[in-house]
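Encoded as structure tokens, here's the structure I'll be asking about.
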Protein chains: 2
Amino acid sequence: MTAPTIPPATYEELRNELAEKHEGLSKRLKQIAEYALDNPNDMALETVSGIAERASVQPSSLIRFAKAFGYSGFSEMQRVFRSYLVESGANYKDRIRSFRNEQGEDGAPRNIVLEDFIDGGIAALKNLRDVVDPEQFEAAVKILGKADVIYLAAQRRAFPVASYLAYAFAQLDKRCVLVDGNGGMFFQQGHSIRSGDALLAISFKSYSPEVIQLVKETREKSIPVVSISDGLLSPLSQNSDVTLEVEEVEVHAFRSLSATMTLALTLVVALGRELQK
Amino acid sequence: MTAPTIPPATYEELRNELAEKHEGLSKRLKQIAEYALDNPNDMALETVSGIAERASVQPSSLIRFAKAFGYSGFSEMQRVFRSYLVESGANYKDRIRSFRNEQGEDGAPRNIVLEDFIDGGIAALKNLRDVVDPEQFEAAVKILGKADVIYLAAQRRAFPVASYLAYAFAQLDKRCVLVDGNGGMFFQQGHSIRSGDALLAISFKSYSPEVIQLVKETREKSIPVVSISDGLLSPLSQNSDVTLEVEEVEVHAFRSLSATMTLALTLVVALGRELQK
DNA sequence: AGAAAAATGGAATAAAAATTCCGCGAAGAG
DNA sequence: CTCTTCGCGGAATTTTTATTCCATTTTTCT
């Protein structure tokens, strides 16, 4: 009775199976198959009785349906539909982070290779595409374009980004000051900002207290602040006029900067365009 | 006790609410808010106890959390996270288009470039996979692992990479000197290298003469040199013991650093492993 | 430092959901 | 035409999941 089938493990497989077996199914099961192909979202998120109602079918038929395809019950089949939702959705975070826990269980560290980081980097870039809001981005460009002098503030891991931007801005003939704390002069450098300028602050968790403080102080002077940071909880985004969000690959305690660098470059080019007007 | 709040009905609203109230929350609730913003997928699909476990929290805290934001229970809040999953899947294609948009046929420049740079970055990463030779990479790690002090030399566009490495090496407790030419002391800094150390030089075309010269001089002292550069024609690779090759894709006449940064991160992690032995 | 208030963990309970079971009725075989 | 088989509906049951409650800890205020 139960088909000795190995149940499809991915949404694609399931779709094909559904289409293929469709002909040979009984009336109700056929009906369900059609509904499933038409409403994968429902299949993924609704409860058995919810789906049963919408598809005008009895709950028990849904269980029979799942079993006909080799699953142990409806829940197991639903997992497949859910995995589809996750994959198709704008969410690469899981893959970005997939390195976090990859320590071999035997204690021996897993051999992490370049391949993995490349995949992670690609995921981070795709994620960047999803999380950067075009309007925010435009707003950031506008602010920077209008600024007389752009102040760049960043420490530690974020510092390379600022230094790259300083280099690129110079190429654009855009004046900028790199507030790098060289010689312990962080605030001395930072405080010379004045009306007409703009601050571009970059910091990721754990956030540099100096940068946070400078952002706050600058804001209090009503000078516009653009920030590049990770997520809404960043103390930077809470004190900035515009925030651009980036999430990077992390391994152990190390994070890459590849997505951030891409964002920075884009900002430079967009700013170049803006300045040409 | 229950906040008289009207609970957020959309994911966006909820996100903002989460970020906004975050400060005023108690320890556990804060912890949950962070987890929720980081893992919306889990919040949408997992069960209460599943999330509780992953977020290292009690199930009851999750219910309290939902109630703190005005929902009647966790399930109600979960609906919001689910709606996000559905929407993000549906809008996915539109969003891409909104970025890709507007190649003015009249010759007007595209106004949005992020999409291009992301594609370029992805291409560069894929290319990196092909051109980096695992043996060379291992050799580079060995050399750096054995070095007493690592000297990092880079200028201009390559400088951010070196500064990133300097930061990361410091985290590994690996001594290093960043030869950055600060105060016009490039060679003074560079010449202090001595037997037992190693030089890691980074430069892309058009190659910085200072870096090239330092590489040559260091080689003449029989001190090992590892370089990161673009292609075998680079004057760096001709004077280095090991060269790691990266080619960044050029988009709109600008080059990114995303692939290089990924390579750098990999190097750091590999070196960390090496040092643990 | 001590009292009051708030937050937390964890078991107990309630609610909801999935699954099973069984009798009925339709379709097909002899 | 009758018997058998298969599929179906729907209530009953089991399992899973969400929620509540309260003792204990932690924080806050005085």
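Since this is a predicted model, take the numbers as computed values, not measurements. We name chains A, B, ... by the order of the sequence lines, and we start the count at 1 in each one.
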Give A:Leu62 one of three labels, base, sugar-phosphate or nothing, depending on what nucleic acid heavy atoms sit under 4.0 Å from its own. nothing
Exam field: side chain B:Thr262 to backbone B:Ser258, donor-acceptor pair closer than 3.5 Å: yes
Test ring pair (Phe, Tyr, Trp, His ring centres under 6.0 Å) applied to A:Tyr151 - qualifying residues, sequence neighbours left out: none
Test side chain to side chain donor-acceptor pair (under 3.5 Å) applied to B:Tyr164 - qualifying residues, sequence neighbours left out: none
Applying ring pair (Phe, Tyr, Trp, His ring centres under 6.0 Å) to A:His22 and not counting sequence neighbours gives none
Residues at least two apart in sequence or cross-chain that pass side chain to side chain donor-acceptor pair (under 3.5 Å) with B:Ser72, listed by chain then number, are B:Glu76
Contact list for residues 33-46 of chain A, test salt bridge (charged side-chain N to carboxylate O under 4.0 Å, His left out), sequence neighbours left out: A:Asp42-A:Arg54, A:Glu46-A:Arg54
Residues two or more places apart in sequence or in another chain: which of them pass side-chain contact (heavy atoms from CB on, under 4.5 Å) with B:Arg15? A:Leu232, A:Glu245, B:Tyr11, B:Glu12, B:Leu37
In short, salt bridge (charged side-chain N to carboxylate O under 4.0 Å, His left out) pairs touching residues 209-223 of chain A with sequence neighbours left out are A:Arg219-A:Asp241
Nucleotides 13-30 of chain D: protein proximity per nucleotide (B base, S sugar-phosphate only, - neither; heavy atom, under 4.0 Å): ----SSBB----------
Whole angstroms only, please: what is the CG-P distance between A:Leu25 and D:dC6? 16 Å
Bounds of contact between DNA chain C and chain A, in 5' to 3' order, using a heavy-atom cut-off under 4.0 Å: C:dA17 to C:dT20
